[in-house]
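See structure below.
In each ligand, atom 1 is the first atom listed, and ligand 1 is the first ligand listed. In what follows, residues are counted from 1 in the order of the sequence shown.
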Amino acid sequence: MSVNELVEGIEARQVPALARAISMVENARDGYEALLSAIHARAGAAHRIGLTGPPGAGKSTLTERIIHAYRAEGHRVAVIAVDPTSPFTGGALLGDRIRMESVTLDPDVYIRSMATRGELGGTATTTREICDILDAFGFDRIIIETVGVGQSELSIAATADTVVLILVPESGDGVQALKAGVMEIADVYTINKADRPGADRLRQEIEVMLGIRRGNAYRHVAPHHHPTPAEGRKGGKAESGATGTDAWEPPVLATSALENQGIDELVHAIEDHATHLRTSGELESRRRARLARHTREVVDRTLRHLVWRDRDGEATLQNGLEAVAGGDVSPYELAQDILTGTQREDTNGR
Ligand SMILES: Nc1nc2c(ncn2[C@@H]2O[C@H](COP(=O)(O)OP(=O)(O)OP(=O)(O)O)[C@@H](O)[C@H]2O)c(=O)[nH]1
Ligand SMILES: [Mg+2]
């Protein structure tokens with residue numbers, strides 16, 4: 001299928017074209033950037049929801065519940081399950097597919113798993129691009145499920161408009177996760193497995209923690225100055241949720257995906273946040289920031305591809321390593337060779 005055929009297929013909402021387009025982007029096959037460029041103008045209507053939390057927190061079970069809730073409202077829902085730990089597709093994700101079977105026969109639900117590949121990096125970038133395709137295809141709610149609360153998972157979650165952090169009573173890492181910088185990124189918290197003991201305590205702990213953070217944030221604001229909504233919108237501070245009269249206060253919810261409890265409240269919180277983003281002008285500024293970041297990342301990725309793939313940088317590195325180890329060539333000279341695509345033939349001659 002040519003790029004044009006894929007674009008037409010996406011416009012005609014043909015699932016095979018969608019699947020092929022996603023594979024093309026995932027594998028950075030020839031023409032993928034032309035494809036993304038062609039569909040770019042069609043994307044932008046979907047609300048993107050990042051769902052993250054420790055392994056086994058119930059993210060997939062919760063996702064399935066959220067899909068049902070959205071379908072009941074007539075939304076078209078796509079899910080990308082990103083597996084940052086496994087270099088292969090399948091495995092745990094196959095498990096997800098089986099669990100998701102109650103929704104996979106619905107043509108307005110699309111579930112795709114994506115394995116992260118270390119080498120040339122950029123999982124967050126690729127995730128964003130796959131979201132663009134799903135968005136252009138006509139899914140209006142896109143859920144991105146990532147495992148873990150580390151930096152790379154958070155950067156993937158940050159590709160979303162609304163980030164939901166899922167914690168569980170027994171994980172005990174609720175407060176830890178907040179310390180690790182999740183606080184800055186989560187828009188909605190939910191304690192899943194609330195059917196188990198300890199959920200209330202964790203919930204309170206997190207609420208207290210969030211309140212303290214907010215209190216700390218206010219210390220840096222001049223005492224008698226209350227920013228108007230317009231100021232809050234224009235200033236960078238409103239983006240962090242710390243200041244501004246219309247700042248978002250992340251709710252801390254409790255759910256039981258297993259017993260189907262608290263799902264409506266969770267979906268409402270996500271939708272409230274979506275409304276908040278739109279009405280406060282933050283959606284616009286977030287998306288602008290995301291476009292800037294994305295463009296930078298595309299430049300970086302192109303450079304990496306140019307140097308390491310097209311100019312065979314790794315071979316140049318391996319060839320020159322002996323000379324560097326022997327002290328004849330400095331790493332900086334070898335780096336220059338890699339950047340310019342120069343093979344160093346007589347490494348002993350210098
Ligand atoms: N008791 C209880 N168990 C739950 C709940 N939600 C999910 N589980 C169970 O927790 C286990 C893990 O659920 P998943 O939905 O696969 O969790 P996950 O976060 O997607 O897991 P990974 O993707 O492997 O990190 C399963 O056995 C679920 O049945 C819940 O609300 N209460
Ligand atoms: Mg899962």
Side-chain angles (χ1 to χ4, degrees), residues 48-71 77-104 109-116 123-124 127 130-131 141-157 159-160 162-174 176-177 180 182 185-186 188-203 206 251-270:
R48 302 174 184 198
I49 302 144
L51 229 133
T52 192
K59 298 177 292 296
S60 298
T61 316
L62 210 46
T63 297
E64 186 175 348
R65 299 291 190 194
I66 295 170
I67 292 171
H68 282 292
Y70 273 139
R71 287 300 295 127
V77 193
V79 178
I80 307 174
V82 186
D83 181 12
T85 46
S86 162
F88 308 108
T89 33
L93 294 164
L94 189 63
D96 279 348
R97 284 219 190 93
I98 290 165
R99 256 180 251 122
M100 297 265 189
E101 68 193 353
S102 72
V103 289
T104 46
V109 173
Y110 186 81
I111 298 169
R112 176 84 180 205
S113 54
M114 192 181 121
T116 60
T123 304
T127 305
I130 293 175
C131 282
R141 294 292 180 277
I142 302 172
I143 300 171
I144 305 152
E145 180 191 332
T146 54
V147 187
V149 286
Q151 240 6 84
S152 67
E153 297 82 17
L154 291 180
S155 73
I156 296 165
T159 66
T162 298
V163 176
V164 181
L165 179 64
I166 297 160
L167 297 164
V168 280
E170 65 265 31
S171 71
D173 55 8
Q176 232 97 346
V182 180
I185 217 165
V188 175
Y189 294 78
T190 187
I191 314 303
N192 191 42
K193 307 199 183 182
D195 50 284
R196 290 188 178 164
D200 271 349
R201 222 201 57 216
L202 180 60
R203 192 179 175 180
I206 291 170
V252 186
L253 309 172
T255 49
S256 170
L258 196 70
E259 296 178 355
N260 205 5
Q261 297 293 315
I263 310 302
D264 287 345
E265 288 81 353
L266 176 57
V267 171
H268 283 155
I270 294 168

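Between Ala257 and ligand 1, at least one N/O pair is under 3.5 Å apart. Residue contacts with ligand 1: Ala194 is placed with no nitrogen or oxygen under 3.5 Å of a nitrogen or oxygen of the ligand (distance criterion only). Not a single N or O atom of Thr255, backbone or side chain, sits closer than 3.5 Å to an N or O atom of ligand 1. Any N or O atom pair closer than 3.5 Å counts here, and Thr61 shares at least one such pair with ligand 1. Here's the thing with Leu62: none of its N/O atoms is less than 3.5 angstrom from an N/O atom of ligand 1.
The side-chain heavy atoms of Thr146 and Thr127, taken from C-beta on, include no pair separated by under 4.5 Å.
Taking only non-hydrogen atoms, the option from Glu145, Lys59, Arg65, Lys193 nearest to atom 11 (C) of ligand 1 is Lys193.
For ligand 1, the atoms lying closer than 4.0 Å to a non-hydrogen atom of Ser60 are 15 (O), 18 (P), 20 (O). Of all atoms in ligand 1, listed by their number and element, those nearer than 4.0 Å to a heavy atom of Asn192 are 5 (C), 6 (N), 31 (O). Close approach of ligand 1 to Arg196 is summarised as follows: ligand atoms under 4.0 Å from at least one heavy atom of the residue are 1 (N).
The nearest N, O or S atom of Thr61 is not closer to the Mg ion (ligand 2) than 2.8 Å.
Leu165 and Gly53 make their closest contact through CD1-CA, 4.2 Å (heavy atoms, listed as atom of the first residue, atom of the second, distance). Of all heavy-atom pairs spanning Ala257 and Gly58, the tightest one is CB-O, 4.5 Å.
Between Glu145 atom OE2 and Ser60 atom OG, the angle centred on the Mg ion (ligand 2) amounts to 80° (nearest 10°).
Between Thr190 and the options Val168, Leu62, Leu167, Ile263, a side-chain contact (heavy atoms from CB on, under 4.5 Å) holds for only Leu62.
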